[in-house]
Amino acid sequence: MATQLERLARYLSRPVPVLAGWSVGDLRPDVVAGLTVAVVAVPQAMAYAAIAHLPASYGLYSAVVASIVGALWGSSRHLSTGPTNAASILVLSILAPLVPLGSPEFLVAASLMAVLVGAFRIFFGFAGFGLLVNFASRAVLLGFTAGAAVLIAVGQLPSLLGVPKGGATRFHHLLAAAIREIPNLHVPTLAVGLGAIAVTLLTNRFLRKLPGALIAMVLAGAAVGAGIVADVAVVGAVPRSLPAPTPIDLPALLASDLFEQLLVGALAVAVLGLFEAVSIARAIARSTGERLDINQEFVGQGLANVATGLLSGYTCSGSFTRSAVNHQAGARTAMSSVFAGLFVLAAILAFGPFAAFLPSAALAGLLMLVSWNMIDREGIRRVLRTSRTEGAILVATLVATLLLPLEFAVLSGVLLSLALYLYEESLPRVTAVVPDEQFRHFVERAGASACPQLGVLTIRGSLFFGAASHVEDELLANLGANPGQHLLLLRMHGVNRLDISGVEMLEGLLRLYRDQGGDVFMVQVRAPVREVMRQSGFEATLGADHFLAQEEAIDWLFAHRIDPAVCCYECDVRVFAECQALVKHPYDATLPPYSPGDRHPMCHLTVEGFEEALRAHEREAVVLDVREAEEYERGHLPGARNLPLRSIIEAAPSLDRERPLFLVCRSGRRSTRAMNWLLDLGFPRVCNLKGGILSWQARGRPLDVD
């Protein structure tokens, strides 16, 4: 509880470190940056308010209040908060079906939505939901932005053509209405709009240091004021006053249906605005090295919207254009945005009444340019080239933005991102690997030969309830494709999470392999995953000795589990480094096939027991080394006779059935196979050196070398 209160206090007291970190040396660069941003913000704020069918004063007041509050309570030094194109079109889309456009109720509803949006964002920040911004993919944001740009452009056609706007807000309705009104277009209005576009483009092309949009608006207003252009719709005067409190009758609103109807839309706007603001802040922070506190930014964005909604404004978010200008103008601290808000307020108090001369067509023309620049064409091409899945999400989000109510388009885009994340998480990669050509690393090689006894598979992804079934299917598919691989080595370094469903899947896999005479081993199991295995009992079921060291795993399996008889007589590939020195011999088709497990009561003797049995039958004992001649010559037990496994059936009639036979091989597996065959043929006394020559040498016993 104390920690939560401390976090709450830290979030709310954010202006203290902001002001404490500001110095006199920051004054000039922050003031210059603030003035530069204000020059851009004034025409933008008025244009964005026009998108939402709100008075210009709403956009300007929002630019003032949100810029100051967002800077003081936010996390980024450069993020400029205020009206944005996406938020404006969302406000219009949500409110138009609920409240008559342009009515006093519409204005109050726009401010109320800002308060609700702010409340949601503050809650997200206090609850630590900063992780939410990771669930909207780049494709969703690109698709929504492109769709919103088209809606903005189509929505401005009536103002550009000088025809009635009507009450439509959907893309197809807007487009159809504009096409119907083309015969009635007002030529002077169209000329003003196209002139504003031309002036902006030419200024930005040849006089890049000057604000083209502001110059276009000033010239258009001057033309109307001087009487050069007449009979065109104008924006209307902005009151020369400070932002006034919004007249929200809260009891009446709570008793009406409007409050409930706004909640879903406010949630959608809150979520989208956070993605928008944080994405912008992160993009700039990458170039500055600034560390962001995403939850603090949530709180800052929330407080900015609450304050704006209470002071005659509407929903705001971070603006990429103004934030980039702020950064490029040399802003050092968040105080630059505070100065920007104050400069916009000064412009309102000094020049507010002159807005009565600004033609609506000029604003419409500027918004056409804004909508064109909103579309990240290179980003869209990159997504479409890179990923079919993300390309489909981008297109789906764009279509939803055009055809569905925007609040549902936004939420559907977020849900698509979540679905994509869950889908990818539920499909961990399970790949069969083999050593590279230098036998240093395991790699995926299409068409590479597989070991008939040992499968090595890498798992990359979380083994949780949503993924366990997929991983199980992949592992069983590998076993089905390689039925002789009774041994499985799982490389687990890519698994960072394991839950009980994953444990149960591994237990079922282990039972399957052991029921078939095989086994499962693991390497590179991460500590958190190993702890889950320990607590669930799986570690004990598998056996601690089945967790092998990466560097020694294959060598250990060759020494203790892989049957060299299969390697020498039944396998014609050399997959592992340990295979390279093996001498391959054609396997006689008349020899009995390999079957795991013992078919007879077996006599496996330890080194000491083997020596004792030899002493007890010193005169009659026959020691047979069933390895190949090349192996036998490199070292064998004293007195042992070489009889390779592949020849033992053929040589069996020449062996004395009355004499005890003692069998030896490298590790005890070929000799165990030979013992089974000899017992099948009726030899009564056959024993095997358990662990083979490896155990003999481990006990320090000598070998004879030919």
Side-chain angles (χ1 to χ4, degrees), residues 39-60 83 85 88-89 92 96 100-103 106-107 151-169 174-204 210-240 347-348 350-372:
V39 170
V40 176
V42 169
Q44 275 194 351
M46 298 174 70
Y48 295 155
I51 292 176
H53 285 225
L54 291 168
S57 60
Y58 265 59
L60 292 169
N85 40 37
S88 300
I89 196 168
L92 174 64
L101 294 177
S103 65
F106 184 82
L107 302 183
L151 283 175
I152 290 171
V154 174
Q156 295 306 308
L157 285 175
S159 297
L160 186 67
L161 300 175
V163 297
K165 291 185 177 181
T169 57
L174 287 167
L175 186 59
I179 293 173
R180 282 196 305 268
E181 293 290 343
I182 287 178
N184 304 319
L185 68 86
H186 188 245
V187 175
T189 299
L190 179 61
V192 169
L194 295 178
I197 293 175
V199 169
T200 304
L201 291 175
L202 291 172
T203 304
N204 292 342
L210 298 179
L214 185 61
I215 291 174
M217 290 181 65
V218 169
L219 291 178
V224 172
I228 299 173
V229 177
D231 194 24
V232 295
V234 294
V235 172
V238 174
R240 186 180 283 177
I348 294 172
F351 306 109
F354 293 101
F357 298 106
L358 293 177
S360 299
L363 271 180
L366 296 181
L367 287 173
M368 292 283 192
L369 291 178
V370 167
S371 63
W372 174 255

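These numbers come from a predicted model, not from an experiment.
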In short, His186 meets Gly162 closest at the heavy-atom pair CB-O, 3.8 Å
Looking at Pro55 and Leu107, what are the two nearest heavy atoms and their distance?
CD-CD2, 3.4 Å
Heavy atoms only: give me the nearest Pro359-Val232 pair and the separation to one decimal.
CB-CG2, 4.2 Å
In this structure, CG of Leu92 is separated from CZ of Phe106 (nearest 0.5 Å) by 5.5 Å
Shortest non-hydrogen pair, Thr189 vs Ser159, comes out as CG2-O, 3.3 Å
Does any N or O in the side chain of Thr203 come within less than 3.5 Å of the main-chain N or O of Thr200, such that one atom is a donor and the other an acceptor?
no
Distance from Leu157 atom CG to Met368 atom CE, nearest 0.5 Å?
4.0 Å
In terms of heavy-atom contacts, Val154 and Leu175 come closest through CG1-N, 3.7 Å
What's the spacing between Leu190 CG and Leu160 CG if we round to 0.5 Å?
5.5 Å
Verdict with reasoning, Tyr48 to Ile89, per side-chain contact (heavy atoms from CB on, under 4.5 Å):
CA-CA 8 Å; Tyr48 295 155; Ile89 196 168; over 6 Å; no
Test side-chain contact (heavy atoms from CB on, under 4.5 Å) on Val224 and Val192 and set out the steps.
CA-CA 10 Å; Val224 172; Val192 169; 5.8 Å; no
Considering all heavy atoms of both residues, which atom of Ala45 and which atom of Gly59 are nearest to each other, and what is their separation?
CB-O, 3.3 Å
Taking the side chain from Arg240 and the backbone from Ile348, do they hold a donor-acceptor pair closer than 3.5 Å?
no
Please step through side-chain contact (heavy atoms from CB on, under 4.5 Å) for the pair Val163 and Arg180, ending with a clear verdict.
CA-CA 10 Å; Val163 297; Arg180 282 196 305 268; over 6 Å; no
